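Inspection log for the structure reproduced underneath, given as structure tokens.
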Amino acid sequence: MRGRVLWPELARTGAGELRPGARLPGERDLAEEYGVAHLTARRATRELRERGLVVTLPAKGTFVAYPTESDEPSAADHEQE
């Protein structure tokens, strides 16, 4: 579960601190902040990217992904509540 290294960063999205499109700190900064090896932060970033939670743009950084339609509650979900 390398992704756990970055879960605190992504948990900030739910608190409104990091919104979709917000830039995450660099891998080296994350490694230092969480006390893990740089490669661990890199693997965690890759895992989160594979799950569609972040996107990485070469030479720009890693950003919180925008939710897709399948991630958002549908009108039918609201009717069941």
Side-chain angles (χ1 to χ4, degrees):
M1 285 292 197
R2 293 176 206 94
R4 277 193 272 178
V5 171
L6 298 183
W7 291 137
E9 286 298 315
L10 292 178
R12 292 171 47 194
T13 64
E17 294 179 42
L18 288 177
R19 299 190 184 279
R23 187 173 189 269
L24 294 179
E27 292 171 354
R28 292 189 188 277
D29 293 331
L30 287 170
E32 186 176 319
E33 183 175 344
Y34 293 102
V36 298
H38 169 251
L39 291 178
T40 300
R42 176 172 284 180
R43 287 184 204 122
T45 302
R46 183 181 63 219
E47 184 176 321
L48 296 174
R49 188 172 44 252
E50 289 169 355
R51 293 178 184 208
L53 298 172
V54 299
V55 293
T56 301
L57 303 175
K60 301 232 184 248
T62 300
F63 301 85
V64 177
Y66 284 89
T68 61
E69 285 186 28
S70 62
D71 293 338
E72 296 175 1
S74 67
D77 292 336
H78 290 294
E79 291 174 7
Q80 292 176 354
E81 292 177 359

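Just so we're clear, the structure is a prediction, and the values are computed from it rather than from any experiment.
Remark: R46 CZ to T62 OG1 distance equals 12.5 Å, nearest 0.5 Å. The OG1 atom of T45 lies 11.0 Å from the CD atom of E50; values are rounded to the nearest 0.5 Å.
Taking each heavy atom of G21 and F63 in turn, the nearest pair found is O-CD2, 3.3 Å. Of all the heavy atoms in E27 and H38, the pair that sits closest is OE1-NE2, 3.6 Å. A65 and P20 make their closest contact through O-CB, 3.7 Å (heavy atoms, listed as atom of the first residue, atom of the second, distance). In terms of heavy atoms, L30 sits closest to P25 at CD1-O, 3.6 Å.
By the 4.0 Å N-to-carboxylate-O rule, R28 lies too far from E32 to be salt-bridged with it.
Tested against V64, the residues L24, L48, L53, V55 include a single side-chain contact (heavy atoms from CB on, under 4.5 Å) partner, L24.
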List the steps, then state whether side-chain contact (heavy atoms from CB on, under 4.5 Å) holds for R43 with E47. CA-CA 6 Å; R43 287 184 204 122; E47 184 176 321; over 6 Å; no

